[in-house]
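Worksheet: one structure, shown below.
Index from 1, following the sequence.
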Amino acid sequence: MSVTDLPLVAMLRNRMQWQQTRQKVLAENVANADTPGFRARELKAPRFRPDGSLAAAGLPGVGMERTSLVHLAGTGQAAPAEERTGTRFEMMPSGNAVSLEDEMLKAAGNQGDYQLASLLYRKSLQTLRTAVGK
């Protein structure tokens with residue numbers, strides 16, 4: 001088994017690739033802020049299935065297991081995350097619906113999430129190297 005085949009490493013790598021793609025989408029939104037009729041786009045976040053595996057990515061997931069009777073039992077259905085979706089009231093007369101403030105906040109949040117995922121990825125590899133003895 002390769003190190004890159006480990007579920008945690010594969011999920012972190014997949015998350016970082018998604019965040020790189022999202023950063024490109026957000027940058028396109030900012031670049032087209034003055035384009036008439038342009039609507040901001042968003043990249044859908046990767047979702048986990050109830051069994052813990054990553055949906056639509058084909059990666060092995062980390063399943064949930066009840067290890068003690070005092071732990072809360074899962075219902076098998078994850079509650080949908082509260083997403084900020086709503087009607088945009090800021091629309092230019094040209095039909096452009098890009099809010100630079102929103103896009104820059106999303107980009108900053110995405111950058112922080114990417115840094116966290118890359119730190120976890122790096123620490124996971126360091127831990128594996130330590131376990132091997134290198």
Side-chain angles (χ1 to χ4, degrees):
M1 177 190 261
S2 172
V3 172
T4 57
D5 292 338
L6 294 172
L8 177 65
V9 175
M11 285 189 294
L12 287 170
R13 188 180 63 242
N14 183 42
R15 181 68 181 196
M16 289 189 305
Q17 290 171 345
W18 175 80
Q19 287 167 326
Q20 288 173 346
T21 306
R22 184 174 187 232
Q23 192 68 26
K24 289 178 188 176
V25 170
L26 294 173
E28 288 174 6
N29 289 346
V30 171
N32 289 306
D34 291 332
T35 304
F38 185 81
R39 303 239 182 235
R41 296 185 310 162
E42 180 61 271
L43 195 61
K44 200 174 224 185
R47 300 275 184 203
F48 286 93
R49 294 187 188 129
D51 65 352
S53 62
L54 188 60
L59 294 175
V62 178
M64 292 190 293
E65 184 176 336
R66 188 172 181 184
T67 57
S68 172
L69 294 176
V70 296
H71 294 164
L72 296 175
T75 61
Q77 292 254 328
E82 191 72 30
E83 292 186 20
R84 188 175 145 190
T85 57
T87 310
R88 289 201 179 258
F89 296 106
E90 301 174 14
M91 187 175 285
M92 304 279 190
S94 64
N96 186 315
V98 176
S99 170
L100 287 177
E101 294 84 7
D102 287 345
E103 298 304 313
M104 296 309 287
L105 285 173
K106 288 178 190 176
N110 189 56
Q111 180 183 5
D113 292 344
Y114 181 83
Q115 288 174 348
L116 175 63
S118 66
L119 176 69
L120 291 171
Y121 186 82
R122 195 170 49 238
K123 292 296 182 180
S124 298
L125 294 180
Q126 286 176 355
T127 303
L128 290 171
R129 284 188 196 113
T130 301
V132 173
K134 291 186 177 182

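The distance from atom NZ of K106 to atom CG of L43, rounded to the nearest 0.5 Å, is 11.0 Å. The distance from atom CD of E103 to atom CG of N32, rounded to the nearest 0.5 Å, is 10.5 Å. In this structure, OG1 in T130 is found 10.5 Å from CG in L125, a value given to the nearest 0.5 Å. Separating the CD atom in Q115 from the CG atom in N110 is a distance of 10.0 Å, to the nearest 0.5 Å.
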Step-by-step side chain to side chain contact (heavy atoms under 4.5 Å, CB included) determination, Q19 to R15: CA-CA 6 Å; Q19 287 167 326; R15 181 68 181 196; 3.5 Å; yes
Side chain to side chain contact (heavy atoms under 4.5 Å, CB included) between M16 and Y121, worked out: CA-CA 9 Å; M16 289 189 305; Y121 186 82; 3.8 Å; yes
V30/V98 under side chain to side chain contact (heavy atoms under 4.5 Å, CB included): CA gap, chis, key distance, verdict: CA-CA 7 Å; V30 171; V98 176; 5.9 Å; no
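A single hydrophobic cluster is seen to contain both V9 and L116, as judged by linkage of ILVMFWY side chains at heavy-atom distances under 4.5 Å, directly or through other members. Clustering ILVMFWY residues whenever any of their side-chain heavy atoms sit less than 4.5 angstrom apart, transitively, puts L26 in a cluster other than the one holding Y114. The hydrophobic clustering, which links ILVMFWY residues whose side-chain heavy atoms are closer than 4.5 Å, places F38 and V25 apart.
Residue T35 comes nearest to N96 through the heavy atom pair O-ND2, 2.8 Å, listed as atom of the first residue, atom of the second, then distance.
Under the side chain to side chain contact (heavy atoms under 4.5 Å, CB included) test applied with S124, the options L119, L6, L8 reduce to a single match, L8.
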